[in-house]
Chemist: 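The following block contains the structure, expressed as structure tokens.
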Amino acid sequence: MAHLIGQLTFLVLLCTAGFFFARRIRQISSNIKLGRDVNRSDRPKERWAIMAKVALGQSKMVVRPVAGIMHIVIYAGFILINIEVLEILIDGLFGTHRIFAPFLGGFYNFLIATFEWLALGVLVACVVFLVRRNILPIARFRSPEMKGWPKNDANIILVVEVLLMFAFLSMNAADALAQARGLDHYIAAGSFPVSQWLHPLYSGLSDAGIVAVERGAWWFHIVGILAFLVYVPYSKHFHIFLAFPNTWYSDLTPAGSLDNMAAVKKEVDLMMSGDPFAAPAASAEEPVAEPAPFGAKDVKDLTWKQLMEAYSCTECGRCTSSCPANATGKLLSPRKIMMDTRDRVEEVGKAIQAAGGQWGEGDGKSLLGDYISEEELWACTSCQACVEACPINISPMGIILDMRRSLIMEDSKAPEPITAMFNNVENNGAPWAFPAADRGKWTDELASES
Amino acid sequence: MALTVPTLADMNARGETPEVLFWVGCAGSFDDRAKRITKAIARILDAAKVPFAVLGAEESCTGDPAKRAGNEFLFQMQAAQNIAVLNGYGVKRIVTGCPHCFNTLKNEYPELGGNYEVLHHTQFIQQLIADGRLKIADGQPFKGKRITFHDPCYLGRGNGEYQAPREALAALDADLVEMRRCKKNGLCCGAGGAQMFKDAEKGDREVNHERTDDVLQTGAKVVATGCPFCNTMMTDGVKNAEREGEIEVKDIAELIAEAADLL
């Protein structure tokens, strides 16, 4: 009977977690779809290769070896220990205990031993990460945008991982003690190279105490994982899922290349065609639609890929720490651009949901202006260091340049010297006020050198 | 020695076709310091017996600074105009004196109808040396001299070219050293994204001063550049550090031209 109640409780918890997770994923997915369309499905072979190398293979993480290698330990631990979680799920649903052991025999012992070493690795890495984030003077964890929730979010994740790993090892320690005492239900299975060090903590307990620790740790571990599953998509930690699609949908053009806006090309083509009747004739055949704004003022003007990037960002700050503007004390932080985009698309998504799927006139706010200032945008040198630094190929620069387009082409707002530069390019084909006729002056000088 | 550089119009009138079009760029045409780089490139092309021409008054801004500053309309107008000129002459191969022109012509013009083989001048110079078309004189002026190369963002990160400029410099038999931040992690000079044409936003210091610190750490006597804007920024940075007497800032084209005894 007790077993049955346990199984039912487990089933209810599993379904509840699954429900909340699925609901949140649907919400994120519809938020991402608020973005403009962009084709990121061409050249699939290259895309799989990039995903394998950058997300699965963590190739850009190890550029910074200390954080990179420890991240790989946590990543490997997360993926491999999930095999153990699968066993826990089956045991939980069917009231079995270590169900894989009889099938796998000696290999089971090897697996459990591997998981234990990984759990120790994860535990150590998480503690080191907590120290790095909270004690060591590492600038990228102390930027203004990391105050409050982003800092707490990171610490919550790390502390939960430490607790989960400790629960996992405690479960195994108590299990081994129960096996040694020949307690009912505890079949001899597993090899416990790490958790044996925890035996002194629990060996003084009675048989019932041992079982309580083992069951308690088992429940804590699995309930913790289910709670984590629901928490993750509300957190920066969602990168553990989105890193994969985000790298698959990477921009395959050279980093220096910036897209040519199709809407502008259409207008320029009409102007260059030299046919005064071309424009009205062409537009008469097409249905009159609300013209899309130039550039990005709000999240709906960004592409779905840019919105996906905002949800994929785990706020590591490598972009910000490699940004020349940020390094010299300017207001711009590429990481903040991604965090602002995510906060804003969350806000818009919630408002649309509250209004029954309608956005209408909006809420009078926008990403540009209410979240991101012109001063931040004008500090960018478009050097692509942020794009290069991102371990999962996010481009904060893309959003910055799209917002500059909105400033210029929608609002005609530019620093005065930039306006002067535009005028020069337009009037004399150079960013400075020199006449085109003088372009060949250096050849005259060269021709008269002796 | 006097050198006559033909325009494409001249060549066309004579019924000749150049091997490459030398795309000079705005800085290379108008900025007095950058003009010396332009002349060095022309001398190298001439010494390597490369038939080349320039557009002269028919060249116009590629539109790069307008595009990066958000004025896509102006960029595409410039592109359309330049493509009409280039296609009108049937241009196939372009060598640029500026990585920004290089990037724009190479990556952004094809979709707008301009398809050319585009090379940055350091790539072309490296090819000329490798093919034996350009001879470096004996008795090297830079032998053993400590030189560091500052990667231009739009050549390096932007287009993945880190090797060619370094291989060209290797011909100098100098003591090539890397800065703390180089290649993929190279630090910008501060001029890109149209920053060249405006004051920097409010901050603690200038980007080029930060970059000059990287140079000073190497103990290099020469900063090699591949971009006229980087050249300006690094020259100002070295001046700001009051080291202009000891540290020279020179384009790779100038260093090679000097080593080949062309200046």
Side-chain angles (χ1 to χ4, degrees), chain A residues 253-258 260-261 264-265 267-268 272 294-295 322 324-325 327-332 375 378-385 387-388 401 404-409 414-415 417-418 420-422 425-426 429-432 434 436-443 445-450, chain B residues 1-5 7 24 26 28-30 35 38-39 42 54 56-57 59-61 63 65-74 76-78 80 84 103 107-108 111-112 153-154 157-160 184-185 187-188 190-195 197-207 210:
Chain A
T253 60
S257 159
L258 179 60
N260 295 313
M261 293 171 68
V264 172
K265 182 168 190 304
E267 289 195 31
V268 170
M272 298 300 284
F294 291 119
S322 61
T328 53
K330 276 79 171 181
L331 201 56
L332 176 62
E375 184 180 341
W378 288 115
C380 174
T381 68
S382 77
C383 76
Q384 317 131 48
V387 185
E388 176 60 42
L401 296 181
R404 282 189 182 177
R405 285 171 164 173
S406 176
L407 278 179
I408 299 300
M409 291 190 282
I418 292 290
M421 181 266 285
F422 290 156
V425 172
E426 200 168 340
W432 300 287
F434 295 112
D438 287 356
R439 276 194 184 263
K441 269 195 170 170
W442 66 273
T443 57
E445 290 162 21
L446 210 48
S448 62
E449 276 181 17
S450 53
Chain B
M1 231 177 28
L3 172 63
T4 308
V5 177
T7 62
V24 180
C26 299
S29 301
F30 298 118
K35 270 156 72 179
T38 307
K39 289 174 191 168
V54 296
E59 188 183 292
S60 191
C61 174
K67 188 176 179 88
R68 262 88 201 156
N71 197 336
E72 178 74 7
F73 197 82
L74 181 53
Q76 289 205 19
M77 290 296 288
Q78 288 298 115
N103 175 69
N107 295 322
E108 291 158 1
E111 201 184 43
L112 303 173
C153 300
Y154 278 84
R157 267 191 298 273
N159 288 285
K184 280 184 176 179
N185 302 318
L187 183 72
C188 177
Q195 295 292 342
F197 308 103
K198 64 185 264 298
D199 287 328
E201 299 306 304
K202 194 166 84 264
D204 304 332
R205 69 187 310 209
E206 299 292 336
V207 176
E210 173 97 4

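Just so it is clear: chains get the letters A, B, ... in the order the sequence lines come, proteins before strands, and each one is counted from 1.
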Chemist: Which pair of non-hydrogen atoms, one from B:Cys26 and one from A:Gly429, has the smallest distance, and what is that distance?
Modeler: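 Nearest pair, atom of B:Cys26 first, then A:Gly429: SG-O, 4.0 Å.
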Chemist: Below 4.5 Å from any heavy atom of chain B, which atoms of A:Pro415 appear? Answer side chain, backbone, both or neither.
Modeler: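 A:Pro415 touches chain B through side-chain heavy atoms alone.
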Chemist: With a 4.5 Å limit on heavy-atom distance, are the side chains of B:Val5 and A:Trp442 in contact?
Modeler: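 Yes; the side chains approach each other to less than 4.5 Å.
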Chemist: Between B:Ala42 and chain A, which part of the residue has a heavy atom less than 4.5 Å away: side chain, backbone, both or neither?
Modeler: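 Only the side chain of B:Ala42 comes within 4.5 Å of chain A.
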Chemist: Is any side-chain heavy atom of A:Leu258 closer than 4.5 Å to one of B:Lys67?
Modeler: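 Side chain of B:Lys67 against side chain of A:Leu258, heavy atoms only: contact under 4.5 Å found.
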Chemist: Tell me whether B:Gln76 contacts the main-chain N or O of A:Val268 through its side chain, where contact means a donor paired with an acceptor under 3.5 Å.
Modeler: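 No, the answer is negative, given that no donor and acceptor are paired below the 3.5 Å cut-off.
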Chemist: State, yes or no, whether a side-chain contact exists between A:Glu449 and B:Lys39 at a heavy-atom distance under 4.5 Å.
Modeler: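 Heavy-atom side-chain distance check passes, below 4.5 Å.
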Chemist: With a 3.5 Å distance limit and no angle check, can you tell me whether A:Gln384 reaches the backbone of B:Gly158 through a side-chain donor-acceptor pair?
Modeler: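 Indeed, once roles are kept as given, a pair shorter than 3.5 Å links the two residues.
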Chemist: Given heavy-atom pairs under 4.5 angstrom as the criterion, report whether the side chain, backbone, both or neither of B:Gln78 touches chain A.
Modeler: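 Only the side chain of B:Gln78 comes within 4.5 Å of chain A.
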Chemist: Which pair of heavy atoms, one from A:Ile408 and one from B:Gly70, lies closest together, and at what distance?
Modeler: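 Heavy-atom minimum between the residues: CB-O, 3.7 Å.
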Chemist: Can you confirm whether more than 12 heavy atoms, excluding those of B:Asp199, are under 6.0 Å from its CG atom?
Modeler: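 At most 12 heavy atoms, drawn from other residues, nucleotides or ligands, come within 6.0 Å of this atom.
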Chemist: What's the separation between atom CE in B:Met77 and atom CD in A:Glu267, rounded to the nearest 0.5 Å?
Modeler: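 With rounding to 0.5 Å, CE (B:Met77) is 10.5 Å from CD (A:Glu267).
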Chemist: Nearest 0.5 Å, what's the OG1-CZ distance between B:Thr7 and A:Arg439?
Modeler: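 The CZ atom of A:Arg439 is 14.0 Å from OG1 of B:Thr7, to the nearest 0.5 Å.
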Chemist: Taking all non-hydrogen atoms of both residues, which atom of A:Asn260 and which atom of B:Glu72 are closest, and how far apart?
Modeler: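 Closest approach of A:Asn260 to B:Glu72: CA-OE2, 3.3 Å.
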Chemist: Where is the tightest heavy-atom contact between A:Gly329 and B:Asp204, given as atom of each residue plus distance?
Modeler: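 That closest heavy-atom pairing would be CA-OD2, 3.4 Å.
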Chemist: At their closest point, which heavy atom of A:Lys330 faces which heavy atom of B:Ala200, and how far apart are they?
Modeler: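 That would be CE-CB, 4.0 Å.
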Chemist: State, to 0.1 Å, how close A:Pro254 and B:Asn159 come at their nearest heavy-atom pair, and which atoms those are.
Modeler: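 Smallest interatomic distance, heavy atoms only, reads CB-OD1, 3.8 Å.
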Chemist: For B:Lys198, what residues pass the side-chain hydrogen bond (donor to acceptor under 3.5 Å, both in side chains) criterion, not counting sequence neighbours?
Modeler: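 Per chain and number, B:Lys198 pairs via side-chain hydrogen bond (donor to acceptor under 3.5 Å, both in side chains) with B:Gln195, B:Glu201.
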Chemist: Counting only N and O atoms by type, is there a donor-acceptor contact under 3.5 Å from the side chain of B:Arg157 to the main-chain atoms of A:Cys383?
Modeler: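 Checked: pair present.
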Chemist: Supply the atom-to-atom distance A:Thr253 OG1 to B:Glu108 CD, rounded to the nearest 0.5 angstrom.
Modeler: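 Rounded to the nearest 0.5 Å, the OG1-CD separation comes to 9.0 Å.
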Chemist: At a heavy-atom separation under 4.5 Å, does B:Asn71 approach chain A through its side chain, its backbone, both, or neither?
Modeler: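 Both parts, backbone and side chain.
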